[in-house]
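Nothing fancy with the numbering, it's 1 onward along the sequence. These figures come from a predicted structure and were not determined experimentally.
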Amino acid sequence: MIRSVAHFVRVAVLLAGAAATVTAQTPPQPGAPPPAASGSRMITPNFTNVPIEQLAEAVGEATNTTFIVDPRVRAQVSLVNPKAMTANELYYAFLSILQVYNFAALRSGNVVKIVPDVNARQMPGNDLPSSLGGGSDEMVTTVIEVKNISANQLATVLRQLQPQYGLLQPIPGTNSMVITDRASNVARIQRIVNRVDQSGNSNVEVIPLQNATAGDLVRTINALSAGQPADAAAGLTPRVVADDRTNSVLISGDPAQRLRIATWIAHLDTPLENGTGTDVIYLKYADAEALASKLKEQATGVAVAAAGGAAGAAGGAAGADRSVTIWPDKQTNAIVITAPPKMMRSLRTVIDKLDIPRAQVLVEAIIADVNTSKSADLGVNWAVFSNEDGANVPVGGFVNPVGSANGNAVSIVDLTRSILSPANATSVPLGATMAVGRLRDNGLNFGAMIRALRADGNSNVIATPSITATDNQTAEFKSAQEVPFITGQYTNTQNNSNGQVNPFTTVQRQEVGTILKITPQINGGNAMTLKVEVESSELTGKTGDAGSAITQKRSFKTEVLVESGATVVVAGLIRDTKATGETRVPFLGRIPLLGELFKTRNATREQTNLMVFIRPKILTDSLQSAIETNSKYNLIRDAQIRQGSGFEVLPLLPFDKPPVLPPAPPLPAAPAPGAPAAPAAGTPATTSPVPPADGKPAN
């Protein structure tokens with residue numbers, strides 16, 4: 001009871017201090033977006049230079065609304081109205097005062113938050129109302145749908161009509177806009193959108209051509225229209241597009257502008273005096289000589305088809321030869337064509353489709369060849385013979401080669417010859433060889449040898465050739481030696497009176513190393529077909545017939561489908577070989593322990609692991625090409641720097657700096673956002689009405 005009385009006294013003091021006259025009280029319905037319409041209650045406000053929070057408290061008491069005032073809301077306000085007003089009118093007048101002082105009221109049920117208007121759009125308020133009051137200053141959020149024009153372009157203009165605290169943002173993909181502002185301003189923008197969003201009369205007109213070429217005519221018209229920047233900025237310049245398939249021109253825009261363009265086309269689409277014309281077409285990417293031969297075949301085929309198929313093939317071909325002349329100019333990479341207009345259009349269409357930039361493919365191959373070989377030989381040789389009066393009489397022995405030395409077998413006989421005549425020794429045994437014996441001019445002689453030999457070999461070869469190839473163009477990479485191989489020998493003794501012999505040897509040089517051939521074919525997306533030929537060979541260090549070097553060669557030829565940037569294994573070989581051999585005397589070699597004196601043994605183990613991997617990457621523009629080039633460039637440059645950074649105590653060439661590549665050039669600048677992208681592979685580049693810098697006309 002005490003709280004109610006105190007509350008009544010506080011409200012009475014506020015209204016009395018403001019000199020307000022209240023005749024009745026009908027509070028608005030709680031939860032409604034604006035206060036409900038008043039009944040019989042009328043208010044005559046008279047507030048002069050009072051704090052804004054005090055005015056908010058008085059309005060809240062009159063409209064049965066709870067206000068939450070942000071601490072940043074501070075102002076001395078006045079509200080003087082000689083006439084009585086309802087609670088609704090008092091509420092809307094309070095909203096107008098808030099707008100004047102850059103504050104906003106955000107309703108949430110029966111609670112209204114008063115905040116600075118710069119923070120209004122981040123806080124929930126009256127979202128998506130069913131109707132907008134054109135005279136209300138309440139903060140609302142709504143969605144405006146646009147049907148006939150672009151919401152992005154319209155939003156750029158409408159933002160000029162909004163205060164800084166408002167929000168106007170187009171929604172991507174829906175051609176709609178979200179707007180947050182005071183209800184009166186939102187209603188005004190909605191009316192503007194309704195007036196502007198009308199279906200225009202910019203229809204499309206199609207004009208078929210009879211004599212001129214659509215592409216050439218459009219370039220001429222666009223070059224003329226490009227000189228009117230004011231019309232282009234105002235959106236008055238019509239759009240003119242060529243359809244090469246039907247040789248037609250499409251025009252869209254204002255009817256008066258379309259009529260003007262159509263008049264130009266009518267004057268330009270006239271036949272030539274002699275019925276044919278000569279044109280010089282400068283090629284950008286294709287080869288003029290190769291393309292000219294194909295165009296001649298195309299012109300002959302079109303003439304034959306027009307002459308009536310096989311019956312008129314001879315006459316049509318002859319007619320084509322007389323009326324169409326095509327020849328390439330190698331110095332300027334251009335094609336000169338003399339042909340009737342219809343044939344000229346057909347040939348120009350073919351040239352536009354073929355003279356396009358082709359993507360490049362960087363192919364990196366990894367050839368890993370790991371070989372391991374192990375061999376062991378163990379054997380015993382012995383011989384007993386008698387030397388009587390210079391004659392050798394054999395008594396017995398077990399003589400068998402054990403292993404080899406310099407490619408020659410070694411036995412007890414070879415060892416004896418090496419001991420007796422070291423200067424003429426050709427088969428010096430390798431490994432551990434132990435021998436004992438007696439060699440005299442007479443008497444009984446004997447010799448015994450035990451030989452053990454173990455050989456291990458490891459080979460680890462990794463080759464990483466890389467090559468850049470144009471789409472559908474074969475590229476070849478070689479890193480090899482020219483090794484001579486003997487192919488024939490003979491001795492020439494003719495015309496030699498002194499009896500001298502002239503030996504003659506014929507050799508053939510072959511490439512030994514790494515050879516890589518790649519033909520990429522991009523399939524229109526991120527995948528490509530690769531025709532791969534790889535050959536990897538090296539010298540084994542062994543010799544064959546007539547002392548020729550023996551090489552080890554691995555090669556393969558295949559065709560694979562791979563994604564750009566992916567690594568695929570294209571070939572591989574894993575081989576494990578083990579071979580053992582034993583030579584012994586029958587029966588005696590089977591005797592345990594004692595049989596080791598009558599046999600030799602050998603074993604060989606070889607393991608081969610060969611794998612070839614391919615990693616292609618499509619280079620679609622100059623930036624990607626520069627990145628890959630700089631990475632390889634810096635790899636070689638770092639190797640040169642590391643090679644020259646070694647320290648020498650006594651340098652043989654002091655103050656001599658090793659050669660080092662200069663730093664890599666900077667990467668090209670990336671295209672700016674919104675700039676036209678480079679044409680994709682397989683797509684003809686869009687021609688420009690402005691001639692290129694070299695003075696050659698665009699084709």
We want to know whether Thr604 and Ser375 form a side-chain donor-acceptor pair, criterion being a heavy-atom distance below 3.5 angstrom.
no
In short, Ala475 meets Ile467 closest at the heavy-atom pair CB-CD1, 3.4 Å
Non-hydrogen side-chain atoms of Asp329 and Val280 separated by less than 4.5 Å:
no
Does Ile351 reach the side chain of Leu283, with side-chain heavy atoms less than 4.5 Å apart?
yes
Got a second to check how far Ser293's OG is from Asp287's CG, nearest 0.5 Å?
9.0 Å
Find out whether Pro616 and Leu530 are in side-chain contact, i.e. whether some heavy atom of one side chain is under 4.5 Å from a heavy atom of the other.
yes
Which heavy-atom pair separates Val512 from Leu539 by the least distance, and what is that distance?
CG1-N, 4.1 Å
Salt bridge check: are Glu538 and Arg554 linked by an N-O gap of less than 4.0 Å?
yes
Over 12 non-hydrogen atoms of neighbours within 6.0 angstrom of CD in Gln643
no
Between Asp456 and Arg454 (salt bridge meaning N to carboxylate O under 4.0 Å), is one present in this structure?
yes
What closest approach, in Å, do Val384 and Phe446 show between heavy atoms, and which atom pair accounts for it?
CG2-CB, 4.0 Å
Minimal non-hydrogen separation, Arg509 against Pro484, with atom names
NH1-CD, 3.7 Å
Are more than 12 heavy atoms from other residues, nucleotides or ligands located less than 6.0 Å from atom CD of Gln481?
no
For Phe477, which residues count as a ring-ring contact (aromatic ring centres under 6.0 Å, His included) partner, sequence neighbours excluded?
none
Count the heavy atoms of every other residue, nucleotide or ligand shown that sit under 6.0 Å from NZ of Lys517, and state whether that count exceeds 12.
no
Ile618 versus Ser564, closest heavy-atom pair with distance:
N-OG, 3.0 Å
Minimal heavy-atom distance between Thr514 and Ile367, with the atoms involved, is CG2-CD1, 4.0 Å
